[in-house]
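To start, the structure itself, in structure tokens.
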Amino acid sequence: MALTGRAALLAALGSLPVGIWDPGWTGILAVNAPLAVACACDFALAAPVRRLGLTRSGDTNVRLGETADVTLTVTNPSGRLLRARLRDAWPPSSWQPGTEVEASRHRLTVPAGERRRITTRLRPTRRGDRQADRVTIRSYGPLGLFTRQGTHKVPWTVRVLPPFPSRKHLPSKLARLRELDGRTSVLIRGEGTEFDSLREYVPGDDTRSIDWRATARQSTVAVRTWRPERDRHILLVLDTGRTAAGRVGDAPRLDASMDAALLLAALASRAGDRVDLLAYDRRVRSIVQGRTVRDVLPSLVNAMATVDPELVELDARGLTATVLRTAPRRSLIVLLTSLDAAPVEEGLLPVLSQLTQRHTVLVASVADPYIARMATARGNTDAVYEAAAAAQAQSERHRTAEQLRRHGVTVVDETPDELAPALADAYLALKTAGRL
């Protein structure tokens, strides 16, 4: 079989032995001088690695589950052609499992005095900041016999933001909000509503809304319409303690709570209310205050990106004191936490009255859909025992929720997919009832 290219050259060089006297041996040592010379030349002709110039550009943030492109520009200032393999190293959670090797390794050729760009595509699997590690470059000579290798530090950070899948519910919730806001005639009355306008009475209207003085001045019966008050204060409180770390499906409970908080923040800011955020376990993990309607959602998303649950119990007394300092005037406190009996009964209930005396309190919790499936399981002994355990867990959860409701707290307990729209509905219900 005929040999071509580098294989033919090596075969030719390998057929030319040269004798060299070695004092340590009792004879002549045969070495391949032409091959040694070829290797030395190949090494000498490989472009130097340490003199290369590397810079980055591209995406600085991405939503979890989406892709980010980071471009690396390689400049070759030497007088030799750069033939190289390059590894752009990032933390393992920057890619889907099994795709790191393909995504992080590149081949490139850069002529002398020129530059080339390569793009590394990231698809992170966790929230937070992903920082670029070292860039390793292996430069090959023309024959590929010897290489030069070196590493460069080229800093770059990509922030992985919460995915916010519940934004698909926002248009329907905004339509309901427009009804409450008086763009569609609605009759509601409560401490959280204000007078909007007068209109003519139609059959079915509440007679208590008739304005008798206005009716006396005209030939038709006039009724008052009301709309929810604006500029109310809403404090979203994320429990980042131990229970938030429990996984429901493929994600921690904290991620589902964040998604629900983002939908509520988007809805409430459109309603003209002020939205703040507090993430707390035994200390403040993140806080966002005083943002405008335009800035509130980006600020919340950015603040949530780096918040991870801590394996500590929630300090309910510390949380209550921090909430009272953060919201000195009457507000809606939305606490996204667990409905597990022990943390609520031993931690939250003893201090709950301090919150309910001054604020309207809403507790939202992530329920595990697997428990609901277990409760309906039948067919064998193991399934029946699982169903009994699930029923007991559900009973304890309902009992805890009822304890909270007896203290005047609104409770929302739904699975991850249903929590966000249910929390938005609870907010709109409070608006409708005039409690906000």
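Index from 1, following the sequence. Since the structure is predicted, the reported quantities are computational estimates derived from the model, not experimental observations.
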Could you tell me whether the side chain of Thr136 reaches within less than 4.5 Å of the side chain of Gln149, counting heavy atoms only? yes
Where do [X] and [Y] come nearest, in terms of heavy atoms and distance?
{"X": "Leu177", "Y": "Leu267", "value": "CD2-O, 3.9 Å"}
{"X": "Trp95", "Y": "Ala103", "value": "NE1-CB, 3.1 Å"}
{"X": "Tyr140", "Y": "Arg85", "value": "OH-CD, 3.7 Å"}
{"X": "Ala68", "Y": "Val158", "value": "CB-CG1, 4.3 Å"}
{"X": "Gln403", "Y": "Glu345", "value": "OE1-OE2, 3.1 Å"}
{"X": "Arg232", "Y": "Lys431", "value": "CG-NZ, 4.2 Å"}

Begin from the C-alpha positions of Asp88 and His106 and carry the test side-chain hydrogen bond (donor to acceptor under 3.5 Å, both in side chains) through to its verdict.
CA-CA 8 Å; Asp88 189 5; His106 308 271; 5.3 Å; no
Judged by modelled atom types alone, do [X] and [Y] share a side-chain donor-acceptor pair under 3.5 Å?
{"X": "Arg115", "Y": "Asn76", "answer": "no"}
{"X": "Ser338", "Y": "Asp340", "answer": "yes"}
{"X": "Tyr427", "Y": "Asp273", "answer": "yes"}
{"X": "Arg330", "Y": "Thr360", "answer": "yes"}
{"X": "Thr292", "Y": "Asp295", "answer": "yes"}
{"X": "Asp281", "Y": "Thr240", "answer": "yes"}
{"X": "Arg116", "Y": "Thr109", "answer": "no"}

Using atom types as modelled, flag every donor-acceptor pair under 3.5 Å from a side chain in residues 241-251 to any protein atom, sequence neighbours excluded.
from, atom 1, to, atom 2, distance (Å)
Arg242, NE, Glu313, OE2, 2.7
Arg242, NH2, Glu313, OE2, 2.9
Arg247, NH2, Asp250, O, 2.3

- Message: For a side-chain contact (heavy atoms from CB on, under 4.5 Å) check, start with the C-alpha distance between Val301 and Met304, then their side-chain angles and the critical distance, and finish with the verdict.
- Response: CA-CA 5 Å; Val301 169; Met304 290 176 181; 5.9 Å; no
Are [X] and [Y] ion-paired here, with the side-chain N under 4.0 Å from a carboxylate O?
{"X": "Glu100", "Y": "Arg123", "answer": "no"}
{"X": "Glu402", "Y": "Arg405", "answer": "yes"}
{"X": "Asp308", "Y": "Arg127", "answer": "yes"}
{"X": "Asp315", "Y": "Arg283", "answer": "no"}

With sequence neighbours left out, the residues meeting side chain to side chain contact (heavy atoms under 4.5 Å, CB included) with Arg121 are Thr67, Asp69
Exercise. What do the steps show when you test Ser365 against Arg397 for side-chain hydrogen bond (donor to acceptor under 3.5 Å, both in side chains), and what is the final call?
Worked result: CA-CA 10 Å; Ser365 181; Arg397 198 173 182 89; 2.8 Å; yes
| query | When you look at Ser299 and Arg291, which way does the side-chain hydrogen bond (donor to acceptor under 3.5 Å, both in side chains) test go after all the steps? | reply | CA-CA 8 Å; Ser299 299; Arg291 297 298 191 271; 3.1 Å; yes
Tell me whether Arg317 at atom CZ has more than 12 heavy atoms from other residues, nucleotides or ligands lying less than 6.0 Å away. no
Output, in order, the C-alpha distance, side-chain angles, deciding distance and verdict of side-chain contact (heavy atoms from CB on, under 4.5 Å) for Leu235 and Val275.
CA-CA 6 Å; Leu235 178 60; Val275 182; over 6 Å; no
Measure the CD-CG distance between Gln394 and Asp413 for me, rounded to the nearest 0.5 Å.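 One finds 9.5 Å between CD of Gln394 and CG of Asp413.
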Output for pair (Ile118 CD1, Leu72 CG), nearest 0.5 Å, gives 5.0 Å
Those residues at least two apart in sequence (or on a different chain) that pass salt bridge (Lys or Arg N to Asp or Glu O under 4.0 Å) with Asp59 are none
Exercise. Would you check, one step at a time, whether the test side-chain hydrogen bond (donor to acceptor under 3.5 Å, both in side chains) holds for Ser139 with Arg83?
Key: CA-CA 6 Å; Ser139 172; Arg83 307 172 185 86; over 6 Å; no
*asked:* Would Arg63 and Glu66 count as a side-chain contact (heavy atoms from CB on, under 4.5 Å) here? Give the steps.
replied: CA-CA 6 Å; Arg63 289 195 182 277; Glu66 299 179 358; 3.8 Å; yes
Self-check item: Side-chain donor or acceptor of Asp276 paired with backbone N/O of Gly290 under 3.5 Å
Solution: yes
### Task
Give a yes or no on whether the backbone of Val49 and the side-chain of His152 come within a donor-acceptor separation of less than 3.5 Å.
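Such a contact is found between His152 side chain and Val49 backbone.
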Paired with Leu339, the side-chain contact (heavy atoms from CB on, under 4.5 Å) test is passed by just one of Val366, Leu348, Leu404, namely Leu404
What verdict does the side-chain contact (heavy atoms from CB on, under 4.5 Å) test give for His407 and Leu349, after you've listed the backbone C-alpha separation in whole Å, the side-chain angles of each residue and the deciding distance to 0.1 Å? CA-CA 9 Å; His407 284 77; Leu349 284 179; 4.0 Å; yes
